[in-house]
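These notes are about the structure you will find just below.
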Protein chains: 2
Amino acid sequence: MNKSLQFSSSLHESVREEISKRISQGIYVPGEPIPSTAMLSGEFGVSAITIKRALRDLQAAGMIFAVPGKGTYVKKQRRLLHHLDLRAPGRASQSKVRPMSVTREKISDPTMSAIDAPDKVMLCVRKIVLFEDAPWMYDATYVSSELDDEIVEEFRERFVVDALKRHDINVTNTRLVIDAAPASGQVAEVFGVPNGFPMLRRLYRMITTEPHITVYGVVQAPFDQLACTIDLAP
Amino acid sequence: MNKSLQFSSSLHESVREEISKRISQGIYVPGEPIPSTAMLSGEFGVSAITIKRALRDLQAAGMIFAVPGKGTYVKKQRRLLHHLDLRAPGRASQSKVRPMSVTREKISDPTMSAIDAPDKVMLCVRKIVLFEDAPWMYDATYVSSELDDEIVEEFRERFVVDALKRHDINVTNTRLVIDAAPASGQVAEVFGVPNGFPMLRRLYRMITTEPHITVYGVVQAPFDQLACTIDLAP
DNA sequence: GAGTGGTCTAGACCACCCT
DNA sequence: GGGTGGTCTAGACCACTCC
């Protein structure tokens with residue numbers, strides 16, 4: 001090997017650590033491609049496959065991303081903090097929203113049972129919340145399928161809380177579950193992350209002033225793109 | 001190929017989906033090893049390497065784990081919900097604690113700056129919180145290094161809030177940041193998860209009745225093992 | 001000793017991008 | 001056409017576990 005590598009239990013780990021070090025040291029910078037696998041293979045004196053293995057692990061850690069046919073780039077780290085305000089939950093936001101779909105289906109996520117989601121067919125509104133024209137959060141909202149079509153139409157363009165408020169329906173109680181889960185299928189495509197990429201999720205149940213209207217949902221984003229903050233004052 | 005596989009863009013994805021399906025259908029059950037890579041390679045008619053690739057992705061998703069020399073097993077899903085009570089933050093718990101280390105160091109995690117962690121050498125107490133004798137959470141607590149040795153010693157065996165309370169020091173304000181991050185180094189070893197495995201984290205800053213005592217820290221656990229719940233009532 | 005998962009390699013093919 | 005990342009293969013070696 002041309003370059004002396006870190007001492008680590010395996011080759012691909014050593015390579016990963018070395019590349020990771022170069023990123024944190026600013027040798028590889030966001031916006032510019034890092035050397036190709038062939039170049040790195042030559043420099044480190046290891047097989048191209050081992051390089052690819054190391055790069056794939058760095059992708060899973062959110063440090064880099066690869067564009068087939070072009071190259072591998074350092075990710076620009078920009079994580080937004082979403083503050084959960086106890087007094088104004090689900091506050092309005094100036095973010096833009098891109099509607100995705102409106103369907104009728106059962107809630108399938110097992111974690112939703114932790115907030116007592118009903119096991120019946122509901123109306124599901126999916127949308128993408130944008131920040132600076134890039135996908136920031138993916139939201140799936142479930143409401144009773146007996147709701148007026150008029151309100152449902154507004155769900156596509158607005159946040160649920162805002163739409164309800166326009167009909168004098170207010171949220172009285174919100175229960176949240178915050179967890180992480182691997183991205184699957186459509187969600188992974190939307191954010192351009194590999195299948196299985198860790199997502200930070202916020203599952204919610206909102207009880208309203210209308211006894212028969214309870215809103216359930218999941219909002220999620222790649223873990224390197226979102227964090228939640230909370231203030232607790234007893 | 002002997003078996004017809006799902007239609008998916010790549011072979012290892014098809015294999016992953018098929019095995020994933022068998023787990024959710026109960027064909028492969030927790031506690032028993034799934035067929036070896038050689039067996040699966042024969043059954044699906046694909047290379048052993050492709051099988052290993054699929055299994056590695058399923059490990060990253062927390063569905064299975066592998067024991068070298070023995071076999072690959074389905075993970076028993078058991079996720080604990082940690083309820084964040086607004087009125088009694090950092091409440092006492094009957095969990096057992098295993099002390100890990102006490103050092104003096106700077107806070108290195110960049111996310112800690114979101115809760116205004118100071119950039120100076122502090123006292124760091126690391127411990128493992130156990131549940132049914134298995135590692136459940138990993139905690140790193142930072143306090144001013146000028147604290148009495150007497151209190152520091154108690155930090156090893158108790159929760160920080162409890163130790164402080166015994167000295168009539170109470171928490172007046174808590175700020176949390178909840179995020180996800182890849183496991184690295186020692187933390188990955190403690191939980192027996194592969195390097196880079198997604199961890200759910202809760203970073204905290206606790207202001208106390210003693211003006212010069214502010215407690216910082218991070219508690220984290222594998223994403224498939226922990227979730228947080230919160231109730232918001234305006 | 002046989003079986004297991006983990007690692008590493010050399011070589012090949014593809015789809016894509018850029019010039 | 002040359003470079004890129006992504007995929008797949010066959011084959012090899014190692015450390016480990018279990019019998």
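The analysis underlying the following values was restricted to heavy atoms, covering all of them including side chains, and did not include hydrogens, waters or symmetry mates. Lettering of chains follows the sequences in order, A, B, ..., and the numbering in each one begins at 1.
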Handout entry: Ionic contact status for E132(B) with R78(B), cut-off 4.0 Å
Key = yes
Fill in the blank from the handout: Separation of dG6(C) atom C1' from D57(B) atom CG, nearest Å, is 15 Å
Practice task
Please state whether the base of dG5(C) and the side chain of K52(B) form at least one donor-acceptor pair under 3.5 Å?
Solution key: no
Problem - Atom pair distance, as rounded to whole Å: CZ in R56(A) and P in dT4(D) - result: 20 Å
Problem - Worked check of ring pair (Phe, Tyr, Trp, His ring centres under 6.0 Å) between F223(A) and F197(A) - result: CA-CA 8 Å; F223(A) 79 98; F197(A) 195 82; 5.3 Å; yes
Problem - Proximity to the side chain of S10(B) - top-ranked nucleotide from dT9(C), dC8(D), dG5(C) - result: dC8(D)
Fill in the blank from the handout: H12(A) NE2 to dT9(C) C1', in whole Å, measures 15 Å
Handout entry: Gap between atoms CZ and C1', on R16(A) and dC8(C) respectively (whole Å)
Key = 16 Å
Exercise for the section: Write down the distance between CD1 (I51(A)) and P (dG6(D)), rounded to a whole number of angstrom. Expected result: 13 Å
Practice task
Ignoring backbone atoms, establish whether S47(A) has a side-chain N or O less than 4.0 Å from OP1 or OP2 of dC8(C).
Solution key: no
Exercise for the section: State, with a plain yes or no, whether a side-chain heavy atom of I64(A) is found less than 4.5 Å away from one of Y73(A). Expected result: no
Problem - Rounded distance in Å - CZ (F44(B)) to P (dT7(D)) - result: 18 Å
Practice task
Please determine if a side-chain N or O atom of T72(B) lies less than 4.0 Å away from the OP1 or OP2 oxygen of dG5(C).
Solution key: yes
Exercise for the section: Check whether any side-chain nitrogen or oxygen of S36(A) sits under 4.0 Å from OP1 or OP2 of dG3(D), and answer yes or no. Expected result: no
Handout entry: Of the listed nucleotides dT7(C), dC8(D), dC18(D), the one nearest the side chain of K70(B)
Key = dC18(D)
Fill in the blank from the handout: Taking dG6(D), dG5(C), dT9(C) as options, the one with an atom nearest any side-chain atom of L11(A) is dT9(C)
Exercise for the section: Using only side-chain N and O atoms of T50(A), determine if any of them is under 4.0 Å from OP1 or OP2 of dT9(C). Expected result: yes
Handout entry: E32(A) bridged to K76(A) by N-O distance under 4.0 Å
Key = no
Completion exercise
Result for 5'-nearest mapping on DNA chain D, choosing between G69(A) and I49(A), is G69(A)
Practice task
Kindly assign one of parallel, tilted or perpendicular to the pair F131(A) and W136(A), based on the angle between their ring planes and the thresholds 30° and 60°.
Solution key: tilted
Problem - Interatomic distance, L55(B) CG vs dT4(C) P [rounded to whole Å] - result: 13 Å
Practice task
Mind calculating the distance between CE (M39(B)) and C1' (dA2(C)) to the nearest angstrom?
Solution key: 15 Å
Practice task
Would you please confirm or rule out a distance under 4.0 Å between OP1 or OP2 of dT7(D) and any side-chain N or O of R53(B)?
Solution key: yes
